[in-house]
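Below is one structure, written out as structure tokens, with a few remarks after it.
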Amino acid sequence: MQSIAARRKASLQSPVLSIASIPIHLKGREARLLDQLEKRYRNFLTTGPGTFEILLEPSEQESRAWEPVAVPKVSRRGQTWEFQLHQARAEFDGERQRAVLQGALSVFTFDSFLRIFLTLLLLERDGLVLHAATLRRSGSAHIFLGRSGAGKTTLSRLAPADQVLTDEISLLRLVQDEPRAYGSPFWGELAGHGADVELPLQAFYLLAKDRRTFIEPLRGADALTALCAHTLFFVPDRDSLQALLRVCARWVEAVPVSRLHFAPDETVWEVLANEGCGAPVVAAGPAAGA
Amino acid sequence: MPPRMVSERVRAAASEERALVEKYPVPNPRVAWRTLGDEVIIVRPDDSVLYALNPTGSFIWQHATGQHTLDQIVTALCQEFDTEADSAAAEAADFVRSLCEQGLLQVTEHPQESKPDG
């Protein structure tokens, strides 16, 4: 059987990822790294052209396992974003739709960069990257918001494995004003690989562990802060934050948000099936800012 | 605490409040914010901490354009919420002071020329 490297050598192709329907072409001279990334994102490969390009430029610097992982930082100058990552840096030229990732590159480094990169690309498409589990039920996606320890994985374990789109990082976009959730390559404890799927999004639930299971609708500012607080976002400049608030407000208008008080047992599915979570919240009055 | 020291503190606080109500509050230009219904959500840029203001806080924030003194804002607040001027002024001053400490608001001695685009 031909190896992936041999196949690539024969076809002179490098992988194109499709994540949340955004095609991203990975390029670089390091065939071994491209192979590793192709395996890592094997369920998110596509054959079409990439709208965006990431050029991988590994340096000679060896990755040292004992170094603490630095918190990533992103800064912006006009249409150029700079990323400071653990043992690597990147620059994204928004006009050319091209990013260059340099440093001691590994699958881990690329994965970290890709999450942050997607926060920018999705925001431009009225989309978000959330700390949340996405579960499929009856042909629709349901998103369960929660930071580490909130119960995302606990809830995901209660669902059939093929209904879990991610137990950690959810991806979503408004497509022609229709809320859509996507399969995610970013997982937590369940360590799945994800699948490149797109589903209509039915509801957001803010997870709250409790002794019994019930649903408490959230409206207006409560809904908006619940969503914003679980958004993965790294660019601290005012325009970017204003854009984030604008997009979150659109989602709160489009999709109902509730607090899901839940006891860790299967009654949670009965409650979700029986109660729903009410009508979408509609923002009243003028919106300030962006 | 001796009664005289207490009264001096009260007078100092009252004096500070009087000074504050004559100033012009305006959002920190680095802060992002949005109105949803009658509530305002603010994001502090340095640490992305979220603040949700209640309706009276939101009213003050929305009128804090740098073109009205806090005293003028309190007058409008009393008309809108049917509340007493003295208690409203004290609470509004506390609120503005608190938001200034959080880096969300600033106060200026003179009115600003144009309304911020918040």
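Here is the naming used below: chain letters follow the sequence lines, and residue numbers restart at 1 for every chain.
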Identify which of B:Ile41, B:Leu53, B:Val40, B:Val49 forms the greatest number of heavy-atom pairs closer than 4.5 Å to chain A.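 Of B:Ile41, B:Leu53, B:Val40, B:Val49, B:Ile41 has the most heavy-atom pairs under 4.5 Å with chain A.
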
Ignoring hydrogens and geometry, is there a side-chain-to-backbone donor-acceptor pair from [X] to [Y] under 3.5 Å?
{"X": "A:Thr166", "Y": "A:Thr134", "answer": "no"}
{"X": "A:Asp167", "Y": "A:Leu190", "answer": "yes"}
{"X": "B:Arg44", "Y": "B:Gln102", "answer": "yes"}

Does any backbone or side-chain atom of B:Leu50 lie under 4.5 Å from a heavy atom of chain A? Answer side chain, backbone, both or neither.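 The side chain, not the backbone.
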
Top contributor to chain B contacts, counting heavy-atom pairs under 4.5 Å, from A:Cys228, A:Pro236, A:Ala221, A:Cys248: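 Sorted descending by pairs with chain B, the first entry is A:Ala221.
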
Under 3.5 Å side-chain donor-acceptor pair for B:Thr69 and B:Asp71: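 Short answer, no.
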
